[in-house]
Q: 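One structure follows; several queries about it will come next.
Everything numeric in this text was worked out from a predicted model, so none of it was measured.
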Amino acid sequence: MSKTDHLLEYARQIRDACQSVVDESQNENMQFLTVISTIFYPLTLITGWYGMNFQNMPELKEGYPWVIGISLVVVVFIILLFKKKKIL
């Protein structure tokens, strides 16, 4: 009975070690997906505003270069922020 208990405890430890490896891998994947979504959420918001089809929308003719510029600034800012925090 003692050997059986010992083997069961050993099997639990092996299972926990394997689960730790899987959890670490999932955490790395989630961190990568969080970085990607953090970069693209502001861009989605900006393009949602300027993607509407209005006839008399302000900045309809001159606004698009500004939107492109703002989008690039947002992406560069977020990437620099992640590099500063050593996430990327």
Side-chain angles (χ1 to χ4, degrees):
M1 196 64 154
S2 174
K3 287 184 179 181
T4 304
D5 288 338
H6 179 68
L7 285 175
L8 284 173
E9 183 61 32
Y10 184 69
R12 285 186 195 108
Q13 290 175 356
I14 296 294
R15 184 188 66 200
D16 290 342
C18 289
Q19 187 63 39
S20 295
V21 171
V22 169
D23 290 343
E24 184 178 341
S25 175
Q26 286 179 338
N27 285 339
E28 290 174 3
N29 290 339
M30 290 303 295
Q31 182 179 9
F32 175 74
L33 292 173
T34 301
V35 168
I36 296 299
S37 54
T38 303
I39 290 171
F40 283 105
Y41 280 157
L43 298 178
T44 303
L45 180 68
I46 292 169
T47 56
W49 280 333
Y50 283 93
M52 297 178 198
N53 295 322
F54 291 119
Q55 288 293 332
N56 298 322
M57 183 175 172
E59 304 170 356
L60 187 61
K61 296 189 191 305
E62 297 87 20
Y64 286 109
W66 284 99
V67 171
I68 293 169
I70 290 171
S71 298
L72 291 174
V73 167
V74 167
V75 168
V76 169
F77 174 75
I78 291 173
I79 289 173
L80 290 176
L81 182 69
F82 282 144
K83 285 194 183 262
K84 181 180 178 184
K85 293 190 178 214
K86 295 183 171 114
I87 294 174
L88 197 71

Q: What distance separates S71 OG from I39 CD1, expressed to the nearest 0.5 Å?
A: 13.0 Å
Q: Do D5 and E9 make a side-chain contact, defined as non-hydrogen atoms from C-beta onward lying under 4.5 Å apart?
A: no
Q: Is there a path of hydrophobic side-chain contacts, each under 4.5 Å between heavy atoms, that joins F40 and V74?
A: yes
Q: What is the distance from atom CG of L43 to atom CG of L72, rounded to the nearest 0.5 Å?
A: 8.5 Å
Q: Only counting residues at least two apart or in another chain, list the ones meeting side chain to side chain contact (heavy atoms under 4.5 Å, CB included) with T44.
A: none
Q: How far does CZ of F82 sit from OG1 of T38, to the nearest 0.5 angstrom?
A: 4.0 Å
Q: Treat each ILVMFWY residue as a node, draw an edge where side-chain heavy atoms are under 4.5 Å apart, and state whether V73 and V76 are in one component.
A: no
Q: Would you say that F32 contacts V35 through its side chain, given a criterion of any heavy-atom pair below 4.5 Å between the two side chains?
A: no
Q: With Q19, which residues qualify under side chain to side chain donor-acceptor pair (under 3.5 Å), at least two apart?
A: D23
Q: Quick one: do M30 and V22 end up in the same hydrophobic cluster if we chain Ile, Leu, Val, Met, Phe, Trp and Tyr together by side-chain heavy atoms under 4.5 Å apart?
A: no
Q: Applying the 4.5 Å side-chain criterion to the ILVMFWY set and letting contacts propagate, would I14 and V21 be lumped into a single cluster?
A: no
Q: At what distance, to the nearest 0.5 angstrom, does CD of Q13 lie from SG of C18?
A: 12.0 Å
Q: Taking a hydrophobic cluster as the set of Ile, Leu, Val, Met, Phe, Trp and Tyr residues connected by side-chain heavy atoms closer than 4.5 Å, whether directly or through intermediates, do Y41 and I70 fall within one such cluster?
A: no
